[in-house]
Q: 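The structure follows.
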Protein chains: 2
Amino acid sequence: MSSDVHRQGEAADGTVKPRVRRADPSGAAASPETGALVPPARSPVEPTDEASRAAVTAPGAPARPQTVTLKDVARAVGISQSAVSMALADSSRISPATKDAVRAAVKSLGYVPNSAGRALRAGRAASIAVVVPNTGQHMFGHPYFMHLLVGVTAAANAHDVALMISTNPDETHGVAAYERVLRSRAASGAIVASASINDTNVNRMVDAALPVVLIGRYPQLPHAVSVGVDEVAGAMAITLHLVQQHGLRRIAHISGPLDHQPAIDRYEGFTRALAESGQPCTHTLAVGDFSEESGRAAARQVLDTMSDVQAIFAANDEMAYGALLELRSRGLRVPEDIALAGYDDFGISRLVTPGLTTVHVPAEALGQRAAALLFDLVEGTTPVRTHTVLPAEIVVRDSCGTHPA
Amino acid sequence: MSSDVHRQGEAADGTVKPRVRRADPSGAAASPETGALVPPARSPVEPTDEASRAAVTAPGAPARPQTVTLKDVARAVGISQSAVSMALADSSRISPATKDAVRAAVKSLGYVPNSAGRALRAGRAASIAVVVPNTGQHMFGHPYFMHLLVGVTAAANAHDVALMISTNPDETHGVAAYERVLRSRAASGAIVASASINDTNVNRMVDAALPVVLIGRYPQLPHAVSVGVDEVAGAMAITLHLVQQHGLRRIAHISGPLDHQPAIDRYEGFTRALAESGQPCTHTLAVGDFSEESGRAAARQVLDTMSDVQAIFAANDEMAYGALLELRSRGLRVPEDIALAGYDDFGISRLVTPGLTTVHVPAEALGQRAAALLFDLVEGTTPVRTHTVLPAEIVVRDSCGTHPA
DNA sequence: CCTTCGTGCTCAAACGTTAGAGCAGTCGAC
DNA sequence: GTCGACTGCTCTAACGTTTGAGCACGAAGG
């Protein structure tokens, strides 16, 4: 049985010699798990166009796998296939006895309706798509999407609908990947989880006149159906927590790229909270790109330019972690010397020492709501409101200081 | 514009009052991000059966969204639709001039082939599925799947094939979710990422005579095509590292559930390494379930029963983290008092302090290889080998002790 | 001049499904 | 006794695609 097993990297004598990789002990940005993937010995699948693929398949094409269709059920029961179809649709025009017979035959033959036939007839597929445009895998691999997917999956399962996911291989294929899914009617609607507010793809999708639900806030697309989180409120809450609960006054914000709506909203929440706190606060801003390394760089900038910083609020946990590394390397203690807060709450914040105070993004709930809205759209029920905003919730851990009182 | 915005949890006066949740400062198992999701104000989508949904859609059913089909292109060019089809397939029977005209018309009309029509005609859909059977979301939400998905997505994109994901809503729906995807021909093949070796669903899938690639090692299914990682070698390598590089002799293993192939393999690698190390080692075993809490419990058991433990090797990073918490709470230092190692390398191991020495699981590469194999199967090319095994690679960080020169 | 061949298309059928029209038989009402 | 309505089905068309068969035409070969 082991004779047909092929071990890559196996030495000639049959012993397995695992490669050892030594991690950067500084724990900095050269993160092993996001590093280049182990290159497969076999070259990656090369793109094949429809024509040549068909040519390859044609010669030795095995008999199409035998499927049981309506016709088979009809033959078994001794009625027409339309009658079977109607029976399965529980039509009142079919006698109970016939329905029973049909159900029995369906079960014994193992009939499952062919989705292509159904989709063709119905004009739409029984599936929805989650599209993540404009993404290298750096975006798609994020835990955020995993949680989103869990939510969408749950809703799709409940609705008895299949789920397709569609990402863009690269910028040049930009449009293709997701537009085709919709235009080809492979999915009857889509949930779009994008990023940049300048993403023209998003506008395209919305214009496509197909059911689309956006995740996030899209002020420039007032008529698009969207579901988001109240990011401004979340950022306000955590900033106010720093100011009011911990009495901090000199606070830096490390924002994400400011063509990114969440980055804008979190920054706005930050400034608004300072303005409304009633306290004389000083603040500064450093812009990152949501990556750990950019957070570290931003922290460096903050520490070098603002004297006596008391707290840093980063627009996501990854940058907060980067900042933590910078603080650590300068011998600054968190939270004793500087308080730290993040945003997202997808694992990092809990695992890091000290645990990061952060704002929880309910990605799973977002996914579930988005799917529910999409189903309304697909079924022609116009949703009552176009924009749904879920509440933010802050999670207090240790990085912002010991709990007063 | 903000008038149609509905804020959940918004107070009557319009101010947003975010809820504050206080995290368990012990940092133990009550992990916020895996906790119950924020319950949506609106009740979750209730299951709707096919019949009643159709009834809802029927009355006000809007005109089916206008799509441009082959017929439209044919009309525009002034030829038959078969000619258009042949032109697009680059048939030699069509003149270059006509092909050009067709391509121009396709472009100007924005024709995209309807996937249902194509799938119906071809007998199979241009999509593959990733199925995760036997799963509460506890399994599906794991970073492992995210990485797997990234790999599969890349391959699917390169092959110009859509990707469906299919999970089981719950145990009762067990079969339905994935079996339907395949039996209904919604996908032309599937990648199965399962867990338990007793999972009868996996056998069912394999028996279904549809292209299926399993992820992991399935010794009991020798004829199924699978792609896995050499878990035994990985566990051996890390164990030998502890024994040979760090001179540790009293080592405990915290395994996963032993009806789970990776758990079995990692345990086997552990014992085999000890046997082959040439050193007189003492070891013990505690069984967990791959959860952080079970890791903590197992560590408790180990520390209470085995005297003078020098190292703990946990079968995954989550349990290693649980063990770390237990050690920390007993005032034991890692690695000074006890060395620690994990397995998986999906983020936790890098973020925790001290960084965990672990074995890297190349989930993305697994996904990519699995997809490549699946495409071979779907296209009728029988792959040369049924089992592919990727090499393991250990990642040395700080939890196993300082690097001996 | 007739046949053969090649070219460049058209025609028709088929994939599996659903739904509207139609139809044979029964039954109740007038 | 005739009419209409109802019951319980069958027939047929249609969704959009691909493909094998067929056909009209011109050129080449006998």
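All heavy atoms count here, side chains included; hydrogens, waters and symmetry mates do not. All of these numbers come straight from a predicted model, not from anything done at the bench. Every chain is numbered from 1 and lettered A, B, ... according to where its sequence line falls, protein lines coming before strand lines.
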Q: Is there any salt bridge (charged side-chain N to carboxylate O under 4.0 Å, His left out) pair reaching into residues 101-114 of chain A, and which pairs are they, with sequence neighbours excluded?
A: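 For residues 101-114 of chain A: A:Asp100-A:Arg103.
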Q: Roughly how many Å is it from NZ in A:Lys71 to C1' in C:dC15, rounded to a whole number?
A: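 After rounding, the reported distance stands at 9 Å.
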Q: In whole angstrom, give the distance that lies between atom CZ of A:Arg118 and atom P of D:dG16.
A: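 It works out to 18 Å between those atoms.
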Q: Quick one: label B:Thr69 by what it contacts on the DNA or RNA (base, sugar-phosphate, nothing), any heavy atom closer than 4.0 Å.
A: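 Result for B:Thr69 = sugar-phosphate.
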Q: Hey, does the side chain of A:Ser115 reach the backbone of B:Ser184 with a donor-acceptor pair shorter than 3.5 angstrom?
A: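 Side chain of A:Ser115 to backbone of B:Ser184: a pair is present.
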Q: Output all residues satisfying side-chain hydrogen bond (donor to acceptor under 3.5 Å, both in side chains) with B:Ser91, sequence neighbours left out; order by chain, then residue number.
A: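 Result, side-chain hydrogen bond (donor to acceptor under 3.5 Å, both in side chains) vs B:Ser91: none returned.
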Q: How far does the helix from C:dC1-D:dG30 to C:dC30-D:dG1 bend, going by the axes of its first and last five pairs, to the nearest 10°?
A: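 Inter-axis angle at the ends, rounded: 70°.
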Q: Tell me: CZ of B:Arg124 to C1' of D:dT17, nearest whole Å?
A: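 Those two atoms, CZ and C1', are 15 Å apart.
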Q: Between C:dC9 atom P and B:Leu70 atom CG, what is the distance in whole Å?
A: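 Rounded to whole Å, this separation is 16 Å.
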Q: Measure from CZ on B:Arg185 to P on C:dC15 and round the result to the nearest Å.
A: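 One finds 14 Å between P of C:dC15 and CZ of B:Arg185, rounded.
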Q: When the side chains of residues 73-89 of chain A are checked against the rest of the protein, which donor-acceptor pairs come out under 3.5 Å, sequence neighbours left out?
A:
from	atom 1	to	atom 2	distance (Å)
A:Arg75	NH2	A:Asp72	OD1	2.8
A:Ser80	OG	A:Ala83	N	3.2

Q: Under the side-chain hydrogen bond (donor to acceptor under 3.5 Å, both in side chains) rule, collect the residues that match up with B:Ser226, sequence neighbours excluded.
A: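 Only B:His387 meet the side-chain hydrogen bond (donor to acceptor under 3.5 Å, both in side chains) criterion with B:Ser226.
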Q: Taking atom P of D:dT17 as reference, at what distance in whole Å does atom CG of B:Leu88 sit?
A: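 Distance check: B:Leu88 CG to D:dT17 P gives 9 Å.
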Q: Send over the distance from B:Asn114 CG to D:dG16 P, rounded to a whole Å.
A: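 In whole Å, D:dG16 P lies 7 Å from B:Asn114 CG.
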Q: I'd like to check the side-chain hydrogen bond (donor to acceptor under 3.5 Å, both in side chains) partners of B:Ser127; sequence neighbours left out, ordered by chain and number.
A: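 So B:Ser127 forms no side-chain hydrogen bond (donor to acceptor under 3.5 Å, both in side chains) with any residue.
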Q: Reading nucleotides 8-14 of chain D 5' to 3', which nucleotides get B (base under 4.0 Å from a protein heavy atom), which S (sugar-phosphate only), which -?
A: BBBBBBB
Q: Hey, are the side chains of A:Val152 and A:Ile128 touching, using non-hydrogen atoms and a 4.5 Å cut-off?
A: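 Yes, at least one pair of side-chain atoms sits under 4.5 Å.
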Q: Considering non-hydrogen atoms only, spot the tightest contact between B:Gly367 and B:Ile191 and give its length.
A: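 Heavy atoms only, the tightest pair is O-CD1, 4.5 Å.
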Q: Rounding to an integer number of Å, can you tell me how far B:Leu120 CG sits from D:dT17 C1'?
A: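 It works out to 8 Å between those atoms.
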Q: Got a sec, which residues hit side-chain contact (heavy atoms from CB on, under 4.5 Å) with A:Ser108, two or more places apart in sequence or on another chain?
A: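 A:Ser108: no side-chain contact (heavy atoms from CB on, under 4.5 Å) contacts found.
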